[in-house]
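First up is the structure itself, then whatever we jot down about it.
In what follows, every chain begins at residue 1, and chains take the letters A, B, ... in the order their sequences are listed.
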2 protein chains.
Amino acid sequence: MKFKPLENLDEQVAEYLSNRIIRGQLSPGERILETKLARELGVSRGPIRGALRILENKRLVKLVPRRGAQVSELSVSFIDRLYDILIELLALATRKAAQNRTRKDLTQIRRSLSKIEACALKGDTYDYYNAIFEFFVVKIEAARDPLLARLLRDLEPSARRIQFASLARRKEDLKRNVVYFEDAVKYIEEGNAALASKVIREYSQNEKEFALNNTRTHIKK
Amino acid sequence: MKFKPLENLDEQVAEYLSNRIIRGQLSPGERILETKLARELGVSRGPIRGALRILENKRLVKLVPRRGAQVSELSVSFIDRLYDILIELLALATRKAAQNRTRKDLTQIRRSLSKIEACALKGDTYDYYNAIFEFFVVKIEAARDPLLARLLRDLEPSARRIQFASLARRKEDLKRNVVYFEDAVKYIEEGNAALASKVIREYSQNEKEFALNNTRTHIKK
DNA sequence: ATTTTGTAAATTGTCAACAGTTGACAGTCA
DNA sequence: TGACTGTCAACTGTTGACAATTTACAAAAT
């Protein structure tokens, strides 16, 4: 058993803020005041500053020297660009997963695929996305590439934020999407890196278009 | 004229440390002690901690809670993985640059190409790499994608570190490499995104192999 | 009206002190 | 020997105070 190093306050505060931003409880552009937040959470400003630096890496806040922190914007162009990058990196991760997966990875991937299928059937959009993220986490683990894993983990909160914002309108087409995952798993099992990454690329491209359409009509810019 | 926000001590310290790590004055695995560094630089530990968080994002240091910071390792597998990612992201940036470049971008790209050619002729390896990085910076600027730009800027120090470590053995084949850049510029001018990104992909793949060969024979692991 | 300037309040930057953890090492016990 | 355990010094974690900067706003000048 491998133990994760204990978190310090920096990371706990980061986790707290991250959740609030993803769920939209803190709106884009809103200022985050160190003093106020420190008072609210009952800690000093040191950990708050550490947390803000962590969130800066995850693109959840924007830090300007001497001017403080604000929740980063979620514009159409940002979504556009984020997905462009995710498409490439997820395709790369899928390729590597197809090449490096062990038998143990495959059972885990199968298991998380079942979870996606179950959520799609139930039409539970929130859990569906959780299952999807879990699927990607397992797959990235199988890719055996810690650098890529970290890059994707840093981008994940932004993706979650976008998807959280469009949850309400995502009821119908879940089952249609599941096919992508079923295909991807099939190709990963076969070790067919080219086809596996192609399928994920198509899936991500679709997600991008959904997110863009949804955002253009419901959110600003 | 757009003014860059004034740096605070966090960023100045990060800059200082970044240079020392890239130049190998701090060796991989070496611990960085907050107290000691603070004394050396004549600042308190606050800014040091800020700087360490910044360098963590750039993968130059590894931070473990309650155990402090150390200069991150530069193993063969890290180099391998870093280039895999750079290949994809630089190709993406090139594609976008070919699509979005303005006339003004083109003159800048031409100018930085000349610099590369001059350095290659003189055989000045150090300046050659600087010119290459400048070339990419200009190109990334032309891609009009701030998120991608930031991702690449965060990975740049690691690339510089690798290249700095192999500078001494990089004398002969500069001229051979210049052809890639000349081709890439040609395609970017023509707006041929597919070919431009293909050329850069090949170049990056070559660089990866050079770095790997060099590292395997001269550095540990 | 519009811009400029002056001032006070709010906010971030930096520091130094203290609290809590970790790692190394010597001493103890089988 | 070799595995535990207590102790201590060296760090990191966290805090609260003070300094420097920015912002908001009102008064003065154009």
Legend entry - Whole-Å distance separating the CZ atom of Arg45(B) from the P atom of dA10(D): 15 Å
Legend entry - Rounded interatomic separation in angstrom, taking CZ from Arg53(B) and P from dT12(D): 13 Å
Inset, instruction - Grab the CD1-P distance between Ile32(B) and dC11(D) for me, whole Å please. - result: 14 Å
Inset, instruction - Give the rounded distance in Å between these two atoms: CG of Leu41(B) and C1' of dT14(C). - result: 14 Å
Legend entry - Side chain of Leu33(B) - closest among dA17(D), dC11(D), dT22(C): dC11(D)
Legend entry - Arg160(A) to Phe133(A) six-membered ring, cation-pi geometry met (6.0 Å, 45°): yes
Legend entry - Arg67(B), nearest nucleotide to its side chain (from dG23(C), dT11(C), dT15(D)): dG23(C)
Legend entry - Carboxylate-amine/guanidinium contact Arg201(A) Glu88(A), below 4.0 Å: yes
Inset, instruction - Would you mind reading off the distance between Gln70(A) atom CD and dT12(C) atom C1', rounded to a whole angstrom? - result: 15 Å
Inset, instruction - Using a 4.0 Å heavy-atom cut-off across all strands, classify Gly46(B) as base, sugar-phosphate, or nothing. - result: nothing
Inset, instruction - Can you figure out which of dT12(C), dT14(D), dC15(C) approaches the side chain of Val43(B) most closely? - result: dC15(C)
Legend entry - Closest nucleotide among dT15(D), dT14(C), dT22(C) to the Leu9(B) side chain: dT14(C)
Inset, instruction - Report the relative orientation of the aromatic rings in Tyr126(A) and Phe164(A); use parallel for angles under 30°, tilted for 30 to 60°, perpendicular for over 60°. - result: perpendicular
Inset, instruction - Would you mind classifying the nucleic acid contact of Ile48(B) as base, sugar-phosphate or nothing, using non-hydrogen atoms under 4.0 angstrom? - result: nothing
Inset, instruction - Quick one: label Leu63(B) by what it contacts on the DNA or RNA (base, sugar-phosphate, nothing), any heavy atom closer than 4.0 Å. - result: nothing
Legend entry - Value in whole Å for how far the P atom of dA10(C) lies from CZ of Arg39(A): 11 Å
Inset, instruction - Just compare dT15(D), dT12(C), dT12(D) and give me whichever is closest to any side-chain atom of Arg31(B). - result: dT12(D)
Legend entry - N/O (side chain, Ser44(B)) to phosphate O (OP1/OP2, dT14(C)) under 4.0 Å: no
Inset, instruction - May I ask you to say whether Asp10(A) pairs ionically with Arg53(B), meaning some side-chain N is under 4.0 Å from a carboxylate O? - result: yes
Inset, instruction - Could you tell me the separation between the CD atom of Glu7(B) and the P atom of dT14(C), rounded to a whole number of Å? - result: 11 Å
Inset, instruction - Could you check Arg161(A) against Ser72(A) for side chain to side chain contact (heavy atoms under 4.5 Å, CB included), going step by step and ending with a plain yes or no? - result: CA-CA 11 Å; Arg161(A) 221 182 142 192; Ser72(A) 60; 3.3 Å; yes
Inset, instruction - Figure out the CG/C1' separation between Leu37(A) and dT12(C), and round it to whole Å. - result: 14 Å
